[in-house]
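Small disclaimer: the values here were computed from a predicted structure and weren't measured.
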Protein chains: 2
Amino acid sequence: MGKLEEAIQQKDFIDPYHKAVVNLLFTHSYVVGYQNALLKPYDLSPEQYNVLRILRGQNGNPTTVSSIQERMLNKMSNASRLVEKLKAKGLVLREECPTDRRQVDVMISAEGLKLLEKLETRIQDSNKYYIKLSESEVRNLNMLLDKLRG
Amino acid sequence: MGKLEEAIQQKDFIDPYHKAVVNLLFTHSYVVGYQNALLKPYDLSPEQYNVLRILRGQNGNPTTVSSIQERMLNKMSNASRLVEKLKAKGLVLREECPTDRRQVDVMISAEGLKLLEKLETRIQDSNKYYIKLSESEVRNLNMLLDKLRG
DNA sequence: TATATTTTTATGTATATACATTAAATTCAA
DNA sequence: TTGAATTTAATGTATATACATAAAAATATA
């Protein structure tokens, strides 16, 4: 795969910033491709997997839909419908919040936890396989992405 | 925005590789948000804009749909329908390839070129505004993304 | 307290994506 | 040279995304 210019046969970028935008979009597609392939047998999308992880991070405390939305990777996505899908698969529990009836309490189910556990090592192996960077380079990349967003 | 852990209130990543995946998805959403906002008044999606740039890069030579597909940022997207949209807006020309009737020759139109030109400086300014990295950091990021894909 | 404003979730809708399938044209091979 | 295999583009379909709007409940204000 290698250099962006060769991968997409484009070389007339406005400047390195524009190239970075294209590079991010292209690398995103590369990563999501592997994620989809791994998660598809389990009938999960990458964002659904992420929401399950968000819920597990609550250590048993219920979370509202808006709180999930804030933490989602795709800000404009739709937490409500996503939770609905996960509930239909039995991976989360959803019930009216007793203190505020507008809100909805969402929790990961035992089945959801089991699925996450089953996926953990597969994902770890997969990530290391297709991310062709050393650990220090990955840390550097994380630092730059954090800084990029300011 | 800053550090990923704070931005999405998640800190239990499997390892730096997994964090990089999440960071890429999140940063992608950040970037695409700005791209959408900029392009929306012109009724273009980021990938449509990219295809126009691919076509301009051909310097007047027609390109086939499969060739566009290969160069697109989103490998699984649908070049055929995207070209159809751009044609409906008068931004590209499309006609049967004379030497191979399966193929379709696509070219950017004068109107398409004019639109790209109009967008150029806006995009350049916008990119520099929301990518909060120095030029050397951006180059470093591009290098790491290229290397990531191997 | 009654009404307006805000918050929270759900829904509507157009577009985009992922992926399978179809249809037509070309190339390959018996 | 005829039929099989391949290539190319288009279409079908389910899901996801972007964004507007609606509906219900809570809070603020007159």
Side-chain angles (χ1 to χ4, degrees), chain A residues 25-26 28-52 62-89 92 94-106, chain B residues 25-26 28-52 62-89 91-106:
Chain A
L25 300 191
F26 188 59
H28 172 263
S29 176
Y30 170 85
V31 167
V32 168
Y34 281 103
Q35 280 223 305
N36 272 329
L38 177 63
L39 294 173
K40 187 163 185 166
Y42 303 94
D43 194 26
L44 282 181
S45 71
E47 191 72 278
Q48 284 177 12
Y49 168 71
N50 183 56
V51 167
L52 284 182
T63 318
T64 65
V65 170
S66 63
S67 167
I68 293 171
Q69 179 94 307
E70 279 168 20
R71 296 164 197 211
M72 277 172 65
L73 304 178
N74 220 309
K75 287 289 169 250
M76 292 307 160
S77 192
N78 201 302
S80 175
R81 272 182 275 227
L82 219 151
V83 167
E84 167 61 28
K85 296 272 163 143
L86 292 172
K87 183 177 152 54
K89 293 177 208 168
V92 305
R94 184 181 57 183
E95 59 185 27
E96 196 177 80
C97 176
T99 62
D100 184 334
R101 284 171 53 214
R102 287 171 304 184
Q103 298 187 61
V104 176
D105 280 345
V106 184
Chain B
L25 300 191
F26 188 59
H28 172 263
S29 176
Y30 170 85
V31 166
V32 167
Y34 281 102
Q35 280 225 304
N36 272 328
L38 177 64
L39 294 173
K40 187 163 185 168
Y42 303 94
D43 193 28
L44 282 181
S45 71
E47 190 72 280
Q48 283 177 13
Y49 168 71
N50 183 56
V51 167
L52 285 182
T63 318
T64 66
V65 170
S66 64
S67 167
I68 293 171
Q69 180 94 309
E70 279 170 19
R71 296 165 197 208
M72 278 173 66
L73 303 179
N74 220 309
K75 287 290 169 251
M76 291 306 162
S77 190
N78 201 302
S80 175
R81 273 182 273 227
L82 219 151
V83 165
E84 169 60 28
K85 297 269 166 151
L86 292 172
K87 182 176 153 57
K89 295 177 207 169
L91 301 174
V92 305
L93 309 167
R94 184 181 58 183
E95 58 185 30
E96 195 178 80
C97 176
T99 62
D100 185 336
R101 284 169 52 212
R102 285 171 306 185
Q103 299 188 62
V104 175
D105 280 345
V106 185

Mind listing the closest non-hydrogen atom pair of A:Leu44 and A:Leu39 along with its distance?
O-CB, 3.2 Å
If you assign A:Arg101 and A:Leu82 each to the DNA chain D nucleotide with the nearest heavy atom, which residue ends up on the more 5' nucleotide?
A:Leu82
B:Tyr30-B:Tyr34 aromatic ring centre distance below 6.0 Å
yes
From NZ of B:Lys87 across to P of D:dA9 the rounded distance in Å is 16 Å
Can you check whether A:Ser66 has a side-chain N or O nearer than 4.0 Å to OP1 or OP2 of C:dT8?
no
Smallest separation among heavy atoms of B:Val65 and B:Ser80, with atom names
CG1-N, 3.9 Å
Could you check B:Asn78 against B:Gln48 and say which one's nearest nucleotide on DNA chain C is further toward the 5' end?
B:Gln48
Of the listed C:dA10, C:dA18, D:dA10, the closest approach to the B:Val65 side chain comes from D:dA10
Starting from P on D:dA18, measure out to CG on B:Asp43 and report it in whole angstrom.
16 Å
What is the distance from CG of B:Asn74 to C1' of C:dT15, rounded to the nearest Å?
14 Å
Kindly say whether, by distance alone, the side chain of A:Arg102 makes a donor-acceptor pair under 3.5 Å with the base of C:dT9?
no
Mark yes or no for whether A:Thr63, through its side chain, and A:Ile68, through its backbone, hold a donor-acceptor pair below 3.5 Å.
no
At less than 4.0 Å, is any side-chain N or O atom of B:Ser45 found next to OP1 or OP2 of C:dA16? Yes or no.
yes
Nearest-Å distance, CE (B:Met72) to P (D:dA9)?
13 Å
Of the nucleotides D:dA25, D:dC19, C:dA16, which one has an atom closest to the side chain of B:Asn36?
D:dC19
On the nucleotide C:dT17, are OP1 or OP2 found under 4.0 Å from the side-chain N or O atoms that B:Ser77 carries?
yes
Given C:dT9, is OP1 or OP2 found less than 4.0 Å from the side-chain N or O atoms of A:Ser80?
no
Give a yes or no on whether a donor-acceptor pair under 3.5 Å exists between the nucleobase atoms of C:dT7, that is its base, and the side chain of A:Asp100.
no
For A:Gln103 and B:Leu44, find the nucleotide of DNA chain C closest to each by heavy atoms; which residue's nucleotide sits nearer the 5' end?
A:Gln103
Rounded to whole Å, CD of B:Glu95 lies from P of D:dA10 at a distance of 13 Å
Atom CG of A:Leu86 and atom C1' of D:dT15: how far apart are they, to the nearest Å?
13 Å
Checking contacts here: which listed nucleotide (D:dA10, D:dA25, C:dT15) is nearest the side-chain heavy atoms of B:Lys85?
C:dT15
Expressed in angstrom and rounded to an integer, what is the separation of B:Leu25 atom CG from C:dT17 atom P?
15 Å
Got a donor-acceptor contact below 3.5 angstrom from the B:Lys85 side chain to the B:Gln48 backbone?
no
Rounded to whole angstrom units, what separation is found between the CZ atom of B:Arg81 and the P atom of C:dA14?
17 Å
